Amino acid sequence: MRLNNRIALITGAARGIGRAIAEHYAREGARVAVADLNLDAAEEVVQEIKRQGGEAMALAMDVTSERAVNDGFAAVVSQWGGLDIAVANAGIQHIDPIDRLAYEDWFRVIDVHLNGAFLVTRAALQQMYGNGGGAMIFMGSVHSMEASPLKSPYVAAKHGLLGLCRSVAKEGAAQGVRSNIICPGFVRTPLVDKQIPEQSKALGISEEAVIRDVMLKHTVDGEFTTLEDVSEIAVHLAAFPSAAMTGQSIVVSHGWHMQ
Ligand code: NAD
């Protein structure tokens, strides 16, 4: 197992990509803190991990709350004695053209992705520094590299995460912290399922056309990226044995955006 005896905290882990990473980390031997706004759903993930023989705890955490983030990390350290891996994954989407975008919708998306990732990073580094280091992993997107219409706050936040990831790589190196960002293409999760009818309405095209001509248009094979594809990269980045892999962005997208 690639993550034996490691302690990981994953935000937004009650469903979707975060859940897949939590379950994959547990299968690889890590103890996993499942942090989410939705505590009941996080508890269900923990029960499932335990049914499969893993070790996990649920944390109620809104990543935009400084206190909730700090308390969540403190609870992990007090229960398990440290922290080796933190995955800043929690995220939301909002579909609107810029000229009609409400400031509060802009702010909310930036707040969850970018401000939330800062709070999670700071709390993680305070545990990792002086304790042998660790791995920071950010959930970016192909939208960390490219823009699409109607998603300006998401695109701006995901580009911002690249900068945060690289800053952590530079500052954290001396303390044994590696920092990398995963940039998936479209994965069928509730976040994406919600956008399909929204984009269909906003663009005046069918839902099938949104999938084929918008979401998967630039892939090499018209395929969605899977939860397993993304969680495999997350395991690889967490387990990587040296500082050779730091400050990097890994695009996992069926060829949409080749770098
Ligand atoms: P999802 O909507 O299925 O799950 C997101 C989870 O985050 C939910 O459990 C939700 O409760 C939680 N969450 C939302 N706001 C939160 C907050 N303030 N504090 C704590 N938890 C919060 O979404 P997903 O598709 O699994 O996306 C996860 C991450 O992956 C996001 O950062 C997203 O931008 C990124 N991503 C997704 C795709 C995709 O196609 N699904 C592609 C690229 C990147």
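The basis for the numbers below is simple: all heavy atoms, side chains too, and nothing from hydrogens, waters or symmetry mates. Everything numeric here is computed off the predicted structure, so don't read it as measured data. Ligands are counted one by one from 1 in listed order, and the atoms in each one are counted from 1 as well.
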Trainee: Please test His24 against Ser231 for side chain to side chain donor-acceptor pair (under 3.5 Å), starting from the C-alpha separation and ending with a verdict.
Mentor: CA-CA 6 Å; His24 203 151; Ser231 69; 2.7 Å; yes
Trainee: Out of Leu59, Val120, Asn89, who gets a non-hydrogen atom closest to atom 31 (C) of ligand 1?
Mentor: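 The residue whose heavy atom sits nearest atom 31 (C) of ligand 1 is Asn89.
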Trainee: Just jot down the ligand 1 atoms closer than 4.0 angstrom to any heavy atom of Met139, in number order.
Mentor: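 With Met139 as reference, the close atoms of ligand 1 come out as 29 (C), 30 (O), 35 (C).
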Trainee: Do any N/O atoms on Tyr154 end up under 3.5 angstrom from N/O atoms on ligand 1?
Mentor: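 Min N/O separation from ligand 1 is below 3.5 Å for Tyr154.
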Trainee: At less than 4.0 angstrom from any non-hydrogen atom of Gly185, what atoms of ligand 1 do you find?
Mentor: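 Heavy-atom distances to Gly185 below 4.0 Å select 40 (O), 42 (C), 43 (C).
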Trainee: Given Gly140, Ala41, Gly91, identify the one with the heavy atom nearest to atom 44 (C) of ligand 1.
Mentor: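 Comparing heavy atoms across Gly140, Ala41, Gly91, the nearest one to atom 44 (C) of ligand 1 lies in Gly140.
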Trainee: Can you name the atoms of ligand 1, numbered from 1 with element, that are less than 4.0 Å from a heavy atom of Gly16?
Mentor: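 Heavy-atom distances to Gly16 below 4.0 Å select 3 (O), 26 (O).
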Trainee: How many angstroms lie between CD in Gln126 and CG in Asn131, if you round to the nearest 0.5 Å?
Mentor: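 One gets 11.5 Å once the value is rounded to the nearest 0.5 Å.
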Trainee: At less than 4.0 angstrom from any non-hydrogen atom of Pro190, what atoms of ligand 1 do you find?
Mentor: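 Contacts of ligand 1 toward Pro190, numbered from 1: 3 (O).
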Trainee: Under 30°, 30 to 60°, or over 60°: which ring-plane class applies to Tyr154 and His113, parallel, tilted or perpendicular?
Mentor: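 Judged by the thresholds at 30° and 60°, the geometry between Tyr154 and His113 is perpendicular.
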Trainee: Is the closest heavy-atom distance from Gln93 to ligand 1 below 4.0 Å?
Mentor: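 For ligand 1, residue contact (heavy atoms, under 4.0 Å) with Gln93 is absent.
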Trainee: What about Arg15: any of its N or O atoms under 3.5 Å from an N or O on ligand 1?
Mentor: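 Yes, since at least one N or O of Arg15 sits under 3.5 Å from an N or O of ligand 1.
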Trainee: Out of Met136, Met245, Gln248, which residue meets the side chain to side chain contact (heavy atoms under 4.5 Å, CB included) rule with Leu237?
Mentor: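 Running side chain to side chain contact (heavy atoms under 4.5 Å, CB included) over Met136, Met245, Gln248 with Leu237 returns exactly one hit, Met245.
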Trainee: Can you check whether Gly18 has an N/O within less than 3.5 Å of an N/O in ligand 1?
Mentor: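 N/O-N/O distance below 3.5 Å does not exist for this pair.
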Trainee: Output the list of atoms in ligand 1 that are nearer than 4.0 Å to some heavy atom of Val192, sorted by atom number.
Mentor: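 Per the distance check, 39 (C), 40 (O), 41 (N).
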Trainee: Taking only heavy atoms of Ala90, which atoms of ligand 1 are found under 4.0 Å from at least one of them?
Mentor: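 Matching atoms, with element in brackets: 20 (C), 21 (N), 22 (C), 32 (O).
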Trainee: Check whether any N or O atom of Ala35, backbone or side chain, sits under 3.5 Å from an N or O atom of ligand 1, and answer yes or no.
Mentor: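 Ala35 vs ligand 1: no N/O contact under 3.5 Å.
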Trainee: Heavy-atom contacts with Asp62 under 4.0 Å: which atoms of ligand 1 show up? List them by number with element.
Mentor: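 That gives atoms 17 (C), 18 (N), 19 (N) of ligand 1.
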